[in-house]
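A quick note: this is a predicted structure, and the numbers were derived from the prediction, not measured. Residue numbers begin at 1 in each chain, while the letters A, B, ... track the order of the sequences.
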Amino acid sequence: MLSMDLFRNEADKIRADHDKRGISHERIDQVIDLDEQWRGALKEMEEGRRERNQAARGIADAKKSGDKEEADRIMAQVKDLGERIAALDEKANSLLEERDHIRMRIPNLLHDAVPKGDDESGNTQHSLHGDKPEFEFEPRTHNELIEMNKWVDLERAAKIAGSRFFFLKGDLARLELALQTYAVDFLVSRGYTFVQPPVMMNRQAYEGVTDLSDFETVMYGITPDPLYMIATSEHPLTSMYMDEVIEPSLLPIKMVGVSPCFRREVGAHGLSDRGIWRVHQFTKIEQIVISHPDDSWDHHEDLLQNCVDLWDNLGLHYEVVNICTGDMGTVAARKYDLEAWLPGANAFKEIVSCSNCTDYQANRLRMRYRTAEGNAAVHTLNSTAVATSRALVAIMEQNQLEDGRVTVPDCLVPLMGGKTHLEPCQW
RNA sequence: GCGGCGAUCGCAUAGCCUGGCCAUUGCGUCGGAUUGCUAAUCCGAUGGGUCUUCCCACGGGGGUUCGAAUCCCCCUCGCCGCGCCA
């Protein structure tokens, strides 16, 4: 959510941003109009309260000096003031609610370097990494590999949970655990603190970190409790300091979180989504930074560099993409994706998303730091380190051998008990 | 889950029983003054708002009242005890 200061003093900045995104100014004007109405109603109500407070003091004085008649006279005089105040209060509140209802739907201001584009086809390549693997045989898709090696049981998972759930078995399950350990160790060595978050959150905190439409299409709700399963550890880790004033000496707060991620994936279809590429539950190792506003763009580059180094160490071929206006979403001001080369699909596909959300989440979460001039919103950043299910797909497809076995990336071998290849599961 | 107790400004606290000035004090932080010593001492500021002779704010919501931090009800969270439990 954008701060009200922007609407009151620099509305043209928001308008220019909407022009770049190609959306109308209607909502901006509504927010400004409702804000003016709210301020008027508030002023009127405060005037009423001032009168009442004054009268209340008069009653106290009269009673103290024993002048019961005077006290009764004033009480009668101001009796209906309370009702008037209540009515004005209600009016002001509904104006404020309406203003912020619309304001919540206005997207973050974009960084200048965000390219213009209507959809993902407008994204631009930022850099290319690793070598494209060459095969002397027809490379298999990950679907074929998990089936022939019995590493994943989709049918039985569907039986007990539903489609897009999976059992992970044998060496591939072990590789998944090695990836978690590797990514956490890697980021701990770069100064990040390992944090395991709750995997359910209440609505109020959740509204602080996500696009409202996600409640319909992404998150699972819990019945009968008013909770939501997290779609990523970004959500609990970013909202951790909700409603707090953070001591500036604590900034930047750098965390590496690991959690299962739950996604409804409403509306997702397609042959390429078979297997474990797009699933309802997966594990993700996530980087989070809560930073001083002046430093956030440096941290954004650091997050990307961490990803690049980590994925280089895994020995994979991938590209970094600069996300364009039409593919950006509501919350981020700038976003890089890493897309891994999938030989089976003959395409680059998304494995990492690295965002600077500037003060957008912090404004919603009322997450501030102390300054000499008062409190100001912090900046929040998040980036995937490894989404294990997608990393497994990339490793399987790029490191596959003709017999269907898969070479373990060197850096993971020690975490696999010295095992250099994934062997088929017996059942 | 049951019973008891609690929640006040960054932290810690007073006020609540018995409703009515401006929500107390300490620490921390920031600013200033001063002193020859790694610091001490003194002064000031330090919840939010449309930064203001004004309004709001005492976990959240409702009620009683001319008036609620204070009385009543509901909820949330925490602590202690009991129960259950990986």
Under 3.5 Å: donor-acceptor pair, side chain of R364(A), backbone of T210(A): yes
What are the atom names and distances for every N/O pair under 3.5 Å that joins the protein to nucleotides 7-10 of chain B?
from	atom 1	to	atom 2	distance (Å)
rG10(B)	O4'	R370(A)	NH2	2.9

With P as the reference atom in both, quote the distance from rG10(B) to rG3(B) in angstrom, rounded to an integer. 34 Å
Within the structure shown, what part of the strands sits under 4.0 Å from I246(A) by heavy-atom distance: base, sugar-phosphate, or nothing? nothing
Can you sort out the partners of M200(A) under side-chain contact (heavy atoms from CB on, under 4.5 Å), two or more places apart, ordered by chain and number? I222(A), L227(A), M229(A)
Contacts under 3.5 Å, N or O only, protein and nucleotides 84-86 of chain B:
none

Can you name the residues that form a side-chain contact (heavy atoms from CB on, under 4.5 Å) with Q37(A), not counting sequence neighbours? D33(A), L34(A), L95(A)
Mind checking the P distance from rG26(B) to rU41(B)? Whole angstroms is fine. 13 Å
I'd like the C1' distance from rG62(B) over to rU53(B), given in whole Å. 34 Å
Tell me whether the rings of F186(A) and Y182(A) are parallel (<30°), tilted (30 to 60°) or perpendicular (>60°). tilted
Which residues pass the side-chain contact (heavy atoms from CB on, under 4.5 Å) test with A173(A), not counting sequence neighbours? L168(A)
Annotated protein contacts, base or backbone, on nucleotides 52-66 of chain B with a non-hydrogen cut-off under 4.0 Å, one of B, S, - each: --SBS---------B
Check whether Q400(A) reaches the backbone of R140(A) with its side chain - one donor and one acceptor, N or O, closer than 3.5 Å. yes
Just the rounded figure in Å: distance from P of rG49(B) to CZ of R366(A). 13 Å
Rounded to whole Å, how long is the line connecting atom CZ of R203(A) with atom P of rC75(B)? 23 Å
Output every pair passing side-chain hydrogen bond (donor to acceptor under 3.5 Å, both in side chains) with a member in residues 165-180 of chain A, not counting sequence neighbours, ordered by first then second residue. D171(A)-K419(A), E176(A)-Q180(A), E176(A)-T283(A), E176(A)-T388(A)
Write out all pairs satisfying salt bridge (charged side-chain N to carboxylate O under 4.0 Å, His left out) with one or both partners inside residues 197-211 of chain A, taking only residues at least two apart or from two chains. R203(A)-E207(A)
If you measure from the Lys or Arg side-chain nitrogens to the Asp or Glu carboxylate oxygens, is any gap between D17(A) and K20(A) under 4.0 Å? no
Interatomic distance at C1', rG28(B) relative to rC16(B), whole Å: 28 Å
So, D337(A) side chain and I323(A) main chain: donor-acceptor pair closer than 3.5 Å or not? no
Expected list for residues 87-99 of chain A near RNA chain B, using heavy atoms below 4.0 Å, is none
Expressed in whole Å, how much space separates the P atoms belonging to rG4(B) and rC54(B)? 44 Å
Sorted by chain and residue number, the salt bridge (charged side-chain N to carboxylate O under 4.0 Å, His left out) partners of R50(A) (sequence neighbours excluded) come out as E47(A)
Might you confirm whether atom CZ of R156(A) has over 12 heavy atoms from other residues, nucleotides or ligands at distances under 6.0 Å? no
Expressed as a whole number of Å, how far does the P atom of rC55(B) sit from that of rG1(B)? 43 Å
Distance between the C1' atoms of rG59(B) and rA7(B), in whole angstroms? 6 Å
In whole Å, measure the gap between the P atoms of rU50(B) and rC2(B) for me. 44 Å
Residues that D410(A) engages under salt bridge (charged side-chain N to carboxylate O under 4.0 Å, His left out), provided they are two or more places apart: none
H142(A) side chain to R390(A) main-chain N or O, any donor-acceptor pair under 3.5 Å? no
If you write RNA chain B from 5' to 3' in dot-bracket form, with Watson-Crick or G-U pairs under 3.5 Å, [ ] for crossing pairs and | for pairs with another strand, what do you get? ((((((((.[[[..)....(....]]]((((((.......))))))(((....)))..[[[[[..)....]]]]])))))))....
Are the side chain of Y336(A) and the backbone N or O of E301(A) linked by a donor-acceptor pair below 3.5 Å? no
Please state how far atom CG in L250(A) lies from atom P in rU29(B), giving the value in whole angstrom units. 14 Å
Taking all atoms of both residues into account, what is the closest heavy-atom pair of Q287(A) and A385(A), and its distance? CG-CB, 4.2 Å
Identify the heavy atoms of A333(A) and V114(A) that sit nearest to each other, and give their distance. O-CG2, 3.4 Å
